[in-house]
Amino acid sequence: MSSPIEEMIAAWQRATPKQQEIAFNALTGQAPLANQQVIKYGDIAKRLGVTKRTVFTAIKNAGIQTVVLPNRTRSIGILVADLPKLEGGQQ
């Protein structure tokens, strides 16, 4: 008779990478970004007519959370849903 831990390890090894990602996100409480759009810093700067440095400062001052992809350390931008918070602070 195998232990629950052994059964869980066996199930994990049989799972596809997509199934592993879904399980990991569920266990860690991370919401997947599949249904959310991300806008890059350069695009934000062009839209607002400012430099990227100004965008970084505004994001920090507004307390907007940046988007970091799995297995990466650098952020790639912010969620499009957070853009009105940033535009409101710029005008």
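For T57, the side chain to side chain contact (heavy atoms under 4.5 Å, CB included) test picks out N61, with sequence neighbours left out. Scanning for side chain to side chain donor-acceptor pair (under 3.5 Å) contacts around S75 gives Y41, with sequence neighbours left out.
Here the options are V38, L86, V55, the test is side chain to side chain contact (heavy atoms under 4.5 Å, CB included), and the partner is I78; only L86 passes.
To the nearest 0.5 Å, atom CG of residue D43 and atom CG of residue L83 are 10.0 Å apart. In this structure, NZ on K52 lies 11.0 Å from CD1 on I59, to the nearest 0.5 angstrom.
Minimum heavy-atom separation, A81 to P84: O-CD, 3.4 Å. Pairing each heavy atom of V68 with each of R74, the nearest pair is CG1-O, 3.9 Å. When all heavy atoms are compared, the tightest approach of Q65 to D82 is O-OD2, 4.2 Å.
At least one side-chain heavy atom of I39 sits less than 4.5 Å from a side-chain heavy atom of R47.
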